[in-house]
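Computed from heavy atoms alone, side chains included, the values below leave out hydrogens, waters and symmetry copies. These numbers come from a predicted model, not from an experiment.
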Amino acid sequence: MIEKNIIDALYKKINILTGESEEKMETVRLEEPPSLYLGDYSTNIAFRLARVLKKSPMVIAEEIADSLKSENIEGIKDIKAVNGYINFFLDYNSYSKKGVKKILDEKNNFGRGEEKNKKIILEHTSANPNGPLHIGHSRNAIVGDSLKRVLEFAGYEVETQYYVNDMGRQEAIVVFGLDKFKLDENKKPDHAIGEVYVEANKLLNENPELEENILDLMKKYEESSEKNEENEITKKFEYAVNYALNGFKETLKNLNIEHDKFVWESSYVKNGMVREVIKNLMETGKVEKDEVYRLDLSDFGIEKKLVLARLNGTSLYSTRDIAYHIDKMKNCDMGINILGADHKLTAEMVNASLKLLGYNTPEIVFYEFISLPEGSMSTRRGRFISIDELFEEAKTRAIEEVKKRGVATDEDEINEIAHKIATGAVRYNIVRISPEKPMVFRWNEALDFEKVGCPVIQYAHARCCRILENGLNNEHNNNSNIDINEPFDYELNDNEKILIKTLLKFPKVVEKSADVRKPQIVANYVLDVAQAFNRFYGNCPILKEKNQNIVYSRLKLVECTKTVIENGLNILGIECPGKM
RNA sequence: GGGCCCGUAGUUUAGCCUGGAUAGAAUACGGGGCUUCGGACCCCGUGAUCGAGGGUUCAAAUCCCUCCGGGCUCGCCA
């Protein structure tokens, strides 16, 4: 609101100075000066006007600042021109009073965006069910789930889908392996499937003649699916896929991730859409034939040709994916896919094909790989670190830490607290990094609880809880009469100013994060909140303060901090233990 | 070789879309604070030729070009 007042006032001034209408003017954008000392908002518009007005930015800034001063912009106490910038100073007494009221009124809805009336289908994880989810997949799942929560909080309706690759070669290898090797039923299901998969691959490497069996399985599964026929083969595939999927669900649940829908790619063979897609693509006139049919996508800048089906007639991943996306895009206003960088070319081809057929295309959020210090991971060779391993290690570490600190004695309670800490640590360490940055996984970094982000944030929250508890007790004991309607009836210090300002940025942070599809913006923001709070806490006595207005106001700040951290972590899928 | 992505303090990184005030933080390191509103804390300090070189601009980490280093990709695999 204040920002809008400032911008409107600025536009009016610029209009007077240049005679240009608002549409033609340079866009006025408010930014934050590097320090409180310089002000709370600033604009560099004087630099941009310098050429048009043929005056130096300094002079223009002073002219504008001087004339704005007389206008009394609501919420602004002072305006100064410095080095060509026009800086605005907030009236912190009213700003804080209003801000705190807003946060406490809206509570866990503070920051929530207005209903957008748009449905988004967000596809994430979609890992092949041929072995446990590893830390590479965790990036997909965590970025995807965080983005879902950010978008929902921002006002979109979001449905998450897991696209199940049940028809691929790798699944045929699993089914083949299940006939040859015994499934270890004592192991977590996805891990057991993974072992069979690794063994089967070994066997195939040593006996290339067995390859025929794989092709045969794929062919039979597809033929049966086309006929919607249930038989031995389809049962084997379904069993294997579901078996692994159950393990995945368990893993994801530890990270607070749950999909709304699991969509099997075979369903698009069963309902005839794959065949129809091929037919429609054939009719575009862009298909060439040599041994097989190839779709020419050079109109879309793609030199590689898309093969529509295998020589033996079975369908390919890309074609099935096109069918899936046609169906998906019909059922939403926007589609978003979270995909690994290795899918870039395929995704481009799928999108080009969709355009060719006249359908909407999904947006794609790509993430780069997580590698190990010794190189890249591989499910096939069994070289990877599973999410389960990482989570268990993190939880063990958290339990130790909680016990050491002695905040809880009850085993169940310790377990619950540690669980939240572990989920937070795992999720936060992934989501805070921009997805396009390659990551190298190191155990000591992943488990360094003393130093790493999330526990610090959760701890700040726990501390808020404790202070509020104590504050409430004091109030009862003293039976003090505090005028609850007029907090901040004093000159705030810098730590308080920075904290309240940071807290009130939250709605904008959510909006921006949703707009650009970057949950890491929220992640970095919540850490800012914790830091601002810690400085405030370290420098501003709360319960020891004598002035009752200050005590009351600071307690309100604590309550607001608690709310914002809860809301912020919640949209990152992280819970806050009340003590830790 | 072509295409895409990444390269910012010792380390992990924010900022890059939309160019502007001394490049923000964490960690590590050095110093200080326990009469703890729970020290997973606070205060001060050291540490960055923003991969290199050109260009555009009053102004470049940010935009453009070239190069270097790393990753991914270029299958009738997914």
- Message: Below 30° counts as parallel, above 60° as perpendicular, anything between as tilted: where do the rings of F506(A) and Y525(A) land?
- Response: parallel
- Query: So, N524(A) side chain and I521(A) main chain: donor-acceptor pair closer than 3.5 Å or not?
  - Reply: no
- Considering only heavy side-chain atoms of V456(A), the closest of A21(B), C41(B), C42(B) is C41(B)
- Task: Please determine if a side-chain N or O atom of R535(A) lies less than 4.0 Å away from the OP1 or OP2 oxygen of C43(B).
- Result: yes
- Look at atom CZ of F89(A) and say whether more than 12 heavy atoms of other residues, nucleotides or ligands are closer to it than 6.0 Å. yes
- How far, in whole Å, is U62(B) from A52(B) if one measures between their P atoms? 10 Å
Tabulate atom names and distances for all N/O pairs under 3.5 angstrom spanning the protein and nucleotides 4-8 of chain B.
{"from": "C4(B)", "atom 1": "O2'", "to": "K344(A)", "atom 2": "NZ", "distance (Å)": "2.9"}
{"from": "C5(B)", "atom 1": "O4'", "to": "K344(A)", "atom 2": "NZ", "distance (Å)": "3.2"}
{"from": "C5(B)", "atom 1": "O2'", "to": "E368(A)", "atom 2": "OE2", "distance (Å)": "3.3"}
{"from": "C5(B)", "atom 1": "O2'", "to": "E436(A)", "atom 2": "O", "distance (Å)": "3.2"}
{"from": "G7(B)", "atom 1": "OP1", "to": "K437(A)", "atom 2": "NZ", "distance (Å)": "2.5"}

- For A78(B), does either OP1 or OP2 sit under 4.0 Å from a side-chain N or O belonging to Y317(A)? no
- Starting at atom CG of L36(A), determine the distance to atom P of U22(B), rounded to an integer number of angstrom. 17 Å
- How about R380(A): does its CZ atom have over 12 heavy atoms from other parts shown lying under 6.0 Å from it? no
- Does OP1 or OP2 of U11(B) have a side-chain N or O of N444(A) closer than 4.0 Å? no
- Task: Could you tell me whether the phosphate oxygens of C77(B), OP1 or OP2, come under 4.0 Å of any side-chain nitrogen or oxygen in R320(A)?
- Result: no
- Query: Within the pair R463(A) and C37(B), is there a side-chain N or O less than 4.0 Å away from OP1 or OP2?
  - Reply: no
- Message: So, under a plain 3.5 Å distance rule, would you say the side chain of E303(A) forms a donor-acceptor pair with the base of C74(B)?
- Response: no
Restricting both atoms to N or O, compile the protein contacts to nucleotides 56-59 of chain B shorter than 3.5 Å, with distance only.
none

- Task: Respond yes when some side-chain nitrogen or oxygen of Y537(A) is under 4.0 Å from OP1 or OP2 of G39(B), and no when none is.
- Result: yes
